[in-house]
Amino acid sequence: MQIPDRVIKNQPGNSKERTKLALLLSVLEQGLIYGIMGLGVYITYKILDFPDLTVDGSFPLGAAIACILISKGIPAILTLPVCFFAGAFVGMLTGLIHVKCKVRDLLSGIIMMTALYTVNLRIAGRANLPIYNADNIFDNSLVNGIFKGSLENCKTVIVILVITVMTKCLLDWYLSTKSGFLLRAVGDNDTIVTSLGVDRGFVKIVGLSVANALVTLSGCIFAQQQRFFDISVGTGTVVIGLASVIIGTSLFRKVTLWKVTTSVVAGSLIYKGCVALAIRMGLASSDLKLITAVLFLIILVLGMDRKKKVKTDVDIETNQ
């Protein structure tokens, strides 16, 4: 896990304390950013039961749009809605390929993911685009004026926390609307939606649009936190999102004090914490993808075992 130099240099205390605090802040920052992406994956994976690989393309799409706009002098705050709607458009295209062209769900995502690789390169103009010296949503005159002194070190995580909470609350509100109920109904039993006279294909398109809008927004924030765009930042994004969803929904499924969306964000924080711990224990940062794959496999196996145990217990009670 990459720790920005600005975080390490600005921390008080000795070298070890600064490194620990910097690592904690990095886990919180990236965990919350990927938590927004996890909310998008939650819609496709848990609600729609749609294996959408578009995520691996829409995440760097947000990063590319954010960096190119900021490099052109556009205010950083405006990149958030632009990226959100760009992601919604991409999700709509994935839905149209699946619904209108009758392409299987997995292939629809693969097609869009492949196309977006070229689109992202076209938008950014090159494979790597830094914005180190430009203002962003974490480093500008307004934010720097609010967060002074000891709060300066935490300004990035506070801004990300505010955006994440607002995004989560808006998603909770949307899922409580008629459109949100129809979205959940399509995932559970699309026959019910059809019987209500609603086009289930249209509902799927809306769901994919909302999901990829969140993923692209996450990529936009990630690029501004890291201060650069790289064409490879989307590789394995869907795996991270799935891991966050499975960890959160598995560990906190019995917790009734908060909504599932909160569990997804918490799962993202736990996942990033596990990765950071693995690297701190001596594993090289180049092994990050291997760590991700192994951790995700363990999560899936444990989740499958739990489901089998619950099903066995239910069958035993039924037979009795």
| query | Same cluster for Val82 and Leu80 if Ile/Leu/Val/Met/Phe/Trp/Tyr side chains link at under 4.5 Å? | reply | yes
| said: Do Ile247 and Phe252 make a side-chain contact, defined as non-hydrogen atoms from C-beta onward lying under 4.5 Å apart? | reply: no
| query | Taking everything shown except Ile77 itself, do over 12 heavy atoms lie less than 6.0 Å from its CD1? | reply | no
| task | Mind listing the closest non-hydrogen atom pair of Leu39 and Lys168 along with its distance? | result | CD1-CA, 4.1 Å
| task | Report the distance from atom OG of Ser71 to atom CG of Asn133, rounding to the nearest 0.5 Å. | result | 12.0 Å
| Stepwise side-chain contact (heavy atoms from CB on, under 4.5 Å) test for Leu183 and Ile47 | CA-CA 7 Å; Leu183 187 64; Ile47 296 181; 4.0 Å; yes
| message | Does any part of the side chain of Ile231, heavy atoms only, come nearer than 4.5 Å to the side chain of Pro60, both counted from C-beta? | response | no
| said: Give me the atom names and distance for the closest heavy-atom approach of Ala211 to Gly40. | reply: CB-O, 3.2 Å
| Rounded to the nearest 0.5 Å, how far does CD1 of Ile163 lie from OG of Ser218? | 10.5 Å
| message | Whether the side chain of Arg184 engages the backbone of Leu175 through a donor-acceptor N/O pair (distance < 3.5 Å, no angle test) should be reported. | response | yes
| task | Report yes if some heavy atom in the side chain of Phe228 is under 4.5 Å from a heavy atom in the side chain of Ile131; otherwise report no. | result | no
| said: Hydrophobic cluster membership, with links at side-chain heavy-atom distances under 4.5 Å among I/L/V/M/F/W/Y: are Leu106 and Val239 in one? | reply: yes
| query | Going through the checks in order, is the side-chain hydrogen bond (donor to acceptor under 3.5 Å, both in side chains) test met by Ser58 and Asn212? | reply | CA-CA 6 Å; Ser58 56; Asn212 281 281; 3.1 Å; yes
| message | Does atom CZ (Phe85) have a neighbourhood of more than 12 heavy atoms from anything else shown, all under 6.0 Å? | response | no
| If you round to the nearest 0.5 Å, how far is CG of Leu24 from CG of Leu28? | 4.5 Å
| When you look at Thr94 and Ser108, which way does the side-chain hydrogen bond (donor to acceptor under 3.5 Å, both in side chains) test go after all the steps? | CA-CA 6 Å; Thr94 303; Ser108 301; over 6 Å; no
| Main-chain N/O of Ile137 paired with Gln224 side-chain donor or acceptor, under 3.5 Å | yes
| request: Might you point out which heavy atoms bring Ile205 and Val99 nearest each other, and give the distance in Å? | output: CG1-CG2, 4.1 Å
| field | Hydrophobic cluster membership, Leu78 vs Ile65, 4.5 Å side-chain cutoff | value | yes
| task | Start with the C-alpha distance between Thr79 and Ile70, add both sets of side-chain angles, then the distance that settles side-chain contact (heavy atoms from CB on, under 4.5 Å), and finish with yes or no. | result | CA-CA 8 Å; Thr79 64; Ile70 290 174; 4.0 Å; yes
| message | Given 3.5 Å as the limit, does a donor-acceptor pair link the side chain of Ser209 with the main chain of Ala88, or not? | response | yes
| request: Give a yes or no answer on whether the side chain of Asn120 reaches the backbone of Gly57 with a donor-acceptor pair at less than 3.5 Å. | output: yes
| message | Testing the basics here: between Leu121 and Ala127, what is the closest heavy-atom pair and its distance to 0.1 Å? | response | CD2-CA, 3.8 Å
| task | Check whether any side-chain heavy atom of Tyr271 sits under 4.5 Å from a side-chain heavy atom of Tyr34, and report yes or no. | result | no
| message | Just so I know, are the side chains of Phe138 and Val143 near enough to count as touching, which here means a heavy-atom distance under 4.5 Å? | response | no
| task | Give a yes or no answer on whether the side chain of Ser268 reaches the backbone of Gly35 with a donor-acceptor pair at less than 3.5 Å. | result | yes
| message | Please determine whether a side-chain nitrogen of the Lys or Arg among Asp139 and Arg227 lies less than 4.0 Å from a carboxylate oxygen of the Asp or Glu. | response | yes
| note | When every non-hydrogen atom of Cys67 is compared with those of Ala223, the smallest separation belongs to SG-CB, 3.9 Å
| request: Give a yes or no answer on whether the side chain of Asp56 reaches the backbone of Val238 with a donor-acceptor pair at less than 3.5 Å. | output: yes
| task | For Thr216 and Ala213, indicate whether the former's side chain and the latter's backbone hold a donor-acceptor pair under 3.5 Å. | result | no
| request: Decide yes or no for Leu208 and Met92: does some side-chain heavy atom of the first lie under 4.5 Å from some side-chain heavy atom of the second? | output: no
| query | Does Leu277 belong to the same Ile/Leu/Val/Met/Phe/Trp/Tyr cluster as Leu25, with side-chain heavy atoms less than 4.5 Å apart forming each link? | reply | no
| said: Within the 4.5 Å heavy-atom criterion, are Lys272 and Glu29 side-chain neighbours or not? | reply: no
| request: Give the cluster check for Leu170 versus Val265: same hydrophobic cluster or not, with ILVMFWY residues linked at side-chain heavy-atom distances below 4.5 Å. | output: no
| request: Decide if atom CZ of Phe89 counts as having more than 12 heavy atoms of other residues, nucleotides or ligands within a radius under 6.0 Å. | output: no
| query | Any luck finding a side-chain donor-acceptor pair between Thr261 and Asp172 under 3.5 Å? | reply | yes
| message | Just verifying a value: how many Å separate Gln30 CD and Leu32 CG, rounded to the nearest 0.5 Å? | response | 10.5 Å
| Step-by-step side-chain contact (heavy atoms from CB on, under 4.5 Å) determination, Leu107 to Ile97 | CA-CA 9 Å; Leu107 293 177; Ile97 293 173; over 6 Å; no
| If you measure from CD1 on Ile36 to CZ on Phe59, what distance do you get to the nearest 0.5 Å? | 10.0 Å
| query | Which heavy-atom pair separates Ala276 from Leu23 by the least distance, and what is that distance? | reply | CB-CD1, 3.9 Å
| request: Before giving the answer on side-chain contact (heavy atoms from CB on, under 4.5 Å), spell out for Lys148 and Lys155 the whole-Å C-alpha distance, their side-chain angles and the decisive distance to 0.1 Å. | output: CA-CA 9 Å; Lys148 297 180 180 179; Lys155 65 179 181 180; over 6 Å; no
| said: Just verifying a value: how many Å separate Ile160 CD1 and Thr167 OG1, rounded to the nearest 0.5 Å? | reply: 11.5 Å
| query | Looking at side-chain heavy atoms only, is the closest gap between Phe50 and His98 below 4.5 Å? | reply | yes
